[in-house]
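Computed from a predicted structure; not experimentally measured. Letters A, B, ... are given to chains in the order of the sequence lines, protein chains preceding strands, and every chain is numbered from 1.
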2 protein chains.
Amino acid sequence: MATRTDLSVEPRTPLSRERVLRAAIALADERGIESLSMRKLGQELGVEAMSLYNHVANKEEILNGMVDVVVSEINDAVSAADAPFGDWTTAMRRRILSAREILLRHPWAPGVIESRTNMSMPMLGYFDSVIGLLRDAGFSIDQTHHALHVLGSRILGFTQELYEDSDEPDPEAMAIFIQQMAGTYPHLTEMAKQISHDEATTLRGCDDQVEFEFALDLMLDGLERLRDPA
Amino acid sequence: MATRTDLSVEPRTPLSRERVLRAAIALADERGIESLSMRKLGQELGVEAMSLYNHVANKEEILNGMVDVVVSEINDAVSAADAPFGDWTTAMRRRILSAREILLRHPWAPGVIESRTNMSMPMLGYFDSVIGLLRDAGFSIDQTHHALHVLGSRILGFTQELYEDSDEPDPEAMAIFIQQMAGTYPHLTEMAKQISHDEATTLRGCDDQVEFEFALDLMLDGLERLRDPA
DNA sequence: ACCTGAACACCGTTCAAGT
DNA sequence: ACCTGAACACCGTTCAAGT
């Protein structure tokens, strides 16, 4: 009982670049990106921090690798959901929303993606297919370039969250805030009042998914108008 | 010559919260936000790092304060440029572009703003006036809320830069890249080719100001259509 | 070939001690 | 009231030494 008999099956899986990346992603998913240090990652793998350097050059390369794994996941998802018919807006819409689904499972990814300075192959592949979709729809190269800037990070399924609503709605604190700030920030309080009123139905400050799709559709509409000038 | 006579004028200006923040902003502007450590900031002020804690609670509060200074700068600029006539799109356009002008002088600001978790008074004031502008233009509260999500960080004058083009254009490396990647990423190379061709005129990969304004105008058009449905 | 311990140069921050 | 030195608990990373 005290000793494992079948040593050949689980003989302390050897370290590898892939295993390091998988562990890093799991750690960031579960405990947040700020918990990802070389020492803690080593600990998670039952190894000293210094051993990691046998498989990755440095922490920066771990972050690069983590992004690549996630973007590859996105590439697989969108190419699986590829349908060769329908207009380009619905194709783009579906693609972006499935990218978003994946990124929602990796809350650290947007920040890390943003901090990368070099394009990796999975990322190049993703953008190449997005550009292809727009070109096939009839956009000129210039228009396609503009479209990428319009959609921005939304192409990958995320947007900059200016002050994400705190996890706790805390209607009482909100009520106090509204009362105190009514004089100083009349327009803001008016809006906060309505949002906290709607809260009964949506349970949160605002429904991020709804807002994401609203903004996405507005941009796709604007681009569609650009493509085929009346 | 060796001794300063007029000691009363520059008798080693006493430390203060304001002086700490000003030095922090100057340091981040000149040497990048990654150079902003308590020890280096103290050094810049001719003081030990630990002295800073007499004027700010911790580094987090320094970052909060830096953002507040910059956002106050934006508030001053937009209220100075306030004109009570013209349609809402031109008013919003001017406001956002002058915010952008200020943020371009503080390259660290977008990242730090994004990492804040609490709204400060200057930030609340800025958003209140943006909301007021939209409400006065006739948008409903819901529409105004959507508009904020559509514009996102663009309201403050910046957007997430997915891979900012490296500072050095390096046309030779670009040519090699294009040749190597042509088979794998056909659409991307087609676009890169055109961009590096235009480079003669624009001197950079792409003109960020032009792209920012293009995206902004597309969004303002989309919102305007929403406000007054035909 | 892979893993380790000790060490280095950095962090933010606390605290008792100085003036 | 303000500043300081020493110290603590953390970082990423190097390197000589182990097996």
Side-chain angles (χ1 to χ4, degrees), chain A residues 7-8 10-68 108 111-118, chain B residues 7-8 10-68 108 111-118:
Chain A
L7 285 168
S8 64
E10 271 201 318
R12 189 199 202 201
T13 327
L15 225 48
S16 70
R17 186 185 142 87
E18 204 207 317
R19 228 161 79 74
V20 169
L21 294 183
R22 275 214 309 266
I25 290 173
L27 185 59
D29 284 349
E30 285 157 28
R31 298 224 285 268
I33 192 69
E34 74 282 355
S35 299
L36 180 65
S37 74
M38 299 302 272
R39 284 170 172 85
K40 282 185 197 149
L41 182 53
Q43 201 173 311
E44 210 75 13
L45 288 159
V47 105
E48 297 300 313
M50 303 75 200
S51 305
L52 301 173
Y53 288 89
N54 285 307
H55 303 95
V56 291
N58 47 36
K59 189 179 182 181
E60 206 61 8
E61 198 188 293
I62 292 181
L63 294 172
N64 287 334
M66 292 168 73
V67 168
D68 284 354
W108 49 270
V112 175
I113 289 172
E114 204 190 346
S115 70
R116 298 306 83 199
T117 83
N118 285 316
Chain B
L7 285 170
S8 64
E10 271 200 319
R12 187 197 205 206
T13 327
L15 225 46
S16 68
R17 185 185 143 88
E18 203 206 318
R19 228 161 81 74
V20 169
L21 294 183
R22 274 213 311 264
I25 290 173
L27 185 60
D29 284 350
E30 285 157 29
R31 297 224 286 270
I33 191 69
E34 74 282 355
S35 299
L36 180 65
S37 74
M38 300 301 272
R39 282 169 172 85
K40 282 186 195 147
L41 182 54
Q43 201 173 313
E44 210 76 12
L45 287 160
V47 105
E48 297 300 315
M50 302 74 199
S51 305
L52 301 173
Y53 289 88
N54 286 307
H55 302 95
V56 291
N58 46 36
K59 190 179 180 180
E60 206 60 8
E61 198 188 294
I62 293 181
L63 293 172
N64 288 333
M66 292 167 73
V67 169
D68 284 354
W108 49 270
V112 176
I113 289 173
E114 203 190 345
S115 70
R116 298 307 84 200
T117 82
N118 285 316

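- B/Arg19 has its CZ atom 14 Å from the C1' atom of D/dC2, to the nearest Å.
- When distances are taken from the side chain of B/Asn58 to each of D/dT13, C/dT4, C/dT13, the shortest belongs to C/dT13.
- No side-chain donor-acceptor contact under 3.5 Å links B/Ser51 to the backbone of B/Val47.
- Separating the CG atom of A/Leu45 from the P atom of C/dT4 is a distance of 11 Å, rounded to the nearest angstrom.
- Among C/dT14, D/dG5, C/dA7, the nucleotide with an atom closest to any side-chain atom of B/Glu48 is D/dG5.
- Taking atom CD1 of A/Ile62 as the reference point, atom P of D/dC11 lies 13 Å away to the nearest angstrom.
- Following rounding to the nearest Å, B/Tyr53 (OH) and C/dA16 (P) show an atom-to-atom distance of 17 Å.
- Closest to the B/Met38 side chain, of the nucleotides C/dG12, D/dC2, C/dT4, is C/dG12.
- Here the straight-line distance linking atom CZ of A/Arg31 with atom NZ of A/Lys40 works out to 7.0 Å at 0.5 Å rounding.
- Here B/Met38 contributes atom CE and B/Gln43 contributes atom CD; the two are 14.0 Å apart, rounded to the nearest 0.5 Å.
- Here the side chain of A/Lys59 is nearest to one of C/dC11, D/dG12, C/dT13, namely D/dG12.
- When each of D/dT14, D/dC3, D/dG5 is scored by its nearest atom to the side-chain atoms of A/Met50, the top-ranked nucleotide is D/dT14.
- Closest contact between the side chain of B/Arg39 and the listed nucleotides C/dT4, D/dA6, C/dG12 involves C/dG12.
- To the nearest 0.5 angstrom, A/Asn118 atom CG is 9.5 Å from A/Glu60 atom CD.
- Note on B/Glu18 versus B/Arg22: salt bridge recorded, some NZ/NE/NH1/NH2 to OD/OE distance being below 4.0 Å.
- Taking 4.0 angstrom as the limit, B/Lys40 places none of its side-chain polar atoms (N or O) nearer than this to OP1 or OP2 of C/dC10.
- Between B/Asn54 atom CG and C/dT19 atom P there is a gap of 17 Å when expressed in whole angstrom units.
- Among the nucleotides D/dC3, C/dA6, C/dC3, the one closest to the side chain of B/His55 is D/dC3.
- Looking at heavy-atom distances under 4.0 Å, A/Ser37 makes contact with sugar-phosphate atoms alone, never a base.
- Picking from C/dT4, C/dT13, C/dC11 the nucleotide with the shortest atom distance to the side chain of A/Val47 gives C/dT4.
- Nucleotide D/dT13 is matched to C/dA7 when pairs are restricted to Watson-Crick or G-U wobble geometry with both distances under 3.5 angstrom.
- The partner of D/dG18, taking Watson-Crick or G-U wobble pairs whose two distances both stay under 3.5 Å, is C/dC2.
- For the pair B/Leu52 CG and D/dC3 P, the interatomic distance rounds to 9 Å; values are reported in whole Å.
- Between B/Ser51 and D/dC2 there is no side-chain N or O to OP1 or OP2 distance below 4.0 Å.
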